[in-house]
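Remember, it's 1-based here, ligands and their atoms both numbered in the order they're listed. Heavy-atom basis, side chains included; hydrogens, waters and symmetry copies ignored. As the structure is a prediction and not an experimental result, all values here were calculated from the model.
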Amino acid sequence: MDEGVPLSRLTSTVVLLLLLLLLLSFEGCNSLEPLLPDLSPNAAPQPFLPILAPSPLTPFTNSTIPRLSGECALNFTAAESMMSVTSIDCWGFFAPLLANVMCCPQLEATLTILIGQASKASNMLALSGSASKYCLSDIEQILIGQGAAENLRRICSIHPSNLTKRSCPVSDVEEFEKSVESEKLLAACRNIDPVKECCEQVCHNAISEAAEKIAAKTSQVLTLNGPGTLPMNSSTVVHDCKNIVLRWLASKLDPSRAKEVLRGLTNCKVNKVCPLVFPDMKHVAKECSNTVRNQTECCQAMESYVSHLQKQSLITNLQALDCSTMLAMKLLKSNITSDIYSLCHITLKDFSLQGLITQFMITIEESGCLLPSLPSDATFDQSSGISFICDLNDNIAAPWPTSSQLSASSCNKTIKIPALPAAASAQSGLYHRGVFFLVLLLTSTVTAVLS
Ligand SMILES: *[C@@H]1O[C@H](CO)[C@@H](O)[C@H](O)[C@H]1NC(C)=O
Ligand SMILES: *[C@@H]1O[C@H](CO)[C@@H](O)[C@H](O)[C@H]1NC(C)=O
Ligand SMILES: *[C@@H]1O[C@H](CO)[C@@H](O)[C@H](O)[C@H]1NC(C)=O
Ligand SMILES: *[C@@H]1O[C@H](CO)[C@@H](O)[C@H](O)[C@H]1NC(C)=O
Ligand SMILES: *[C@@H]1O[C@H](CO)[C@@H](O)[C@H](O)[C@H]1NC(C)=O
Ligand SMILES: *[C@@H]1O[C@H](CO)[C@@H](O)[C@H](O)[C@H]1NC(C)=O
Ligand SMILES: *[C@@H]1O[C@H](CO)[C@@H](O)[C@H](O)[C@H]1NC(C)=O
């Protein structure tokens, strides 16, 4: 986390650090927390107050004009607002915390839209090997100029080859449209409902079907090459062809519509997987296995275990549910058979990033922040820094899974726990939402000086 702090920033940083110290001595470090409203589920919904960052933020938001290669034919104007949203979702030191739910999905959608839009002129749904290198580097330069992290390639595992056709045999628009039922594909995906899509997978299935159709052209090519040629791993080809299909969709929709579709599709995938890394649980196993001998000791072990999970990343409420199930399965495997969650009052929020994360110097209210299952983008404001919306309606006890729940699909899971937003968009009135602010300046300054 200590890389990429330009020296030039350090100079302005010192001045700002003084401002910051003034602010802190005025507020007192701990009194930042009382600025935040009570989050107990019984409290009436009330707006969050921003933690005020000292102004001006300008030195950190001055977009540097990037030096571009001149070798990339993508039209950056066509996705200008997409790119500035990406810079905020992937902002500097926060990018790793938002990588899985916000930053990388938004970056991938941006790449897809840029190539899709460019295909209108080039007739190609993929970049060549050399163009992909220049374009990825130009995109990075633009995003970094707007404040994005400098190591997005690594954070999001993006390589230049992700912009090419890879193993997919079709990248020509005309050939694509001849090979698939393009009207049907567009109809299935033009207006996806991001909640229903995750269960019914109408657009997802249409994309898979189209990808399989164009992937099938590989075997025709190979047959022409004569027998004896090794067949390409077909699941890899289909996977690569799905990107071609997405780019085609992005060329048929306007960028903002395309973004909704792409992010909606990614969300379904994101919400199915717990992104947290579970450390070894020997200690919990020792204190809690079989019959719990001493509840205090077992719960202390559990608390300490969960605190390691709370330092990792921001997750959605559905991911928290995945994580609680995954942890329970691991506990069951360690012979912990009683419901430790209810014994130790573990809630879904316990899986979220929380506390004062000193590593990042981010103030997060004591009770944590779970993102809604359909997280909105982060926003940037000169006075309050980076902010994003937390779902505050998630003080839900972590469910100790029964065997039927372990096999239930994510669509059925939400039925068991009504407060989880299977219908978040449909019934948003039911959910208390608050805007969560990260103190951008605080972070940049302190990290820069400490590193
Ligand atoms: C901000 O950008 C402008 C031009 O875009 C430049 O003149 C100015 O020096 C920059 N300020 C800082 C602090 O980098
Ligand atoms: C790039 O996209 C913008 C907005 O869609 C459009 O106005 C402009 O003509 C495009 N430029 C080129 C070179 O195609
Ligand atoms: C890019 O390609 C690599 C393989 O070279 C793959 O592992 C990675 O998941 C791809 N990234 C994305 C965002 O699809
Ligand atoms: C293709 O590769 C994937 C992993 O890359 C593997 O799981 C799968 O079994 C392979 N399929 C075939 C048909 O070889
Ligand atoms: C449980 O452990 C705590 C701390 O080690 C100890 O104070 C307490 O007496 C123990 N309780 C029982 C019932 O053994
Ligand atoms: C779980 O208990 C069984 C029998 O009680 C034992 O054989 C097994 O080794 C235990 N597993 C773990 C991970 O402790
Ligand atoms: C949901 O669960 C019911 C029974 O519990 C089952 O019949 C149904 O197929 C499940 N639906 C999905 C989408 O898994």
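Taking the side chain as every heavy atom from C-beta outward, I207 and H204 never approach each other to under 4.5 Å. By the 4.5 Å heavy-atom criterion applied to side chains, I340 and C298 are counted as neighbours.
Within the structure, the ring-ring contact (aromatic ring centres under 6.0 Å, His included) test picks out no pair touching residues 100-128 (sequence neighbours left out). Here ring-ring contact (aromatic ring centres under 6.0 Å, His included) pairs that include residues 246-304, with residues two or more places apart or in two chains, are F176-W248. The list of disulfide bond (SG atoms under 2.5 Å apart) pairs with a residue in residues 153-186, not counting sequence neighbours, reads C104-C156, C168-C241.
Proximity to I158 (heavy-atom distance under 4.0 Å) selects the following atoms of ligand 3: 13 (C). Listed by number with element, the atoms of ligand 5 under 4.0 Å from a non-hydrogen atom of E297 are 2 (O), 4 (C), 5 (O). Within ligand 3, the atoms closer than 4.0 Å to a non-hydrogen atom of N162 are 1 (C), 2 (O), 3 (C), 8 (C), 10 (C), 11 (N), 12 (C), 14 (O), numbered from 1 in the order shown.
On a distance-only criterion, E108 and ligand 3 share no N/O pair closer than 3.5 Å. Ligand 3 has a nitrogen or oxygen under 3.5 angstrom from a nitrogen or oxygen of R166.
Between the side chain of Y305 and the main chain of Q300, no donor-acceptor pair closer than 3.5 Å is present. Side chain of Q319 to main chain of T316: a donor-acceptor pair is present (N/O by atom type, distance under 3.5 Å, no hydrogens or angles).
At a heavy-atom distance under 4.0 Å, no atom of N243 approaches ligand 3.
Protein residues with a heavy atom closer than 4.0 Å to ligand 2 are N75, A78, listed by chain and number.
Ion pairing between E287 and K282 fails under the 4.0 Å rule for side-chain N and carboxylate O.
Note: Y341 and F351 have perpendicular aromatic rings, judged against thresholds of 30 and 60 degrees for the angle between ring planes.
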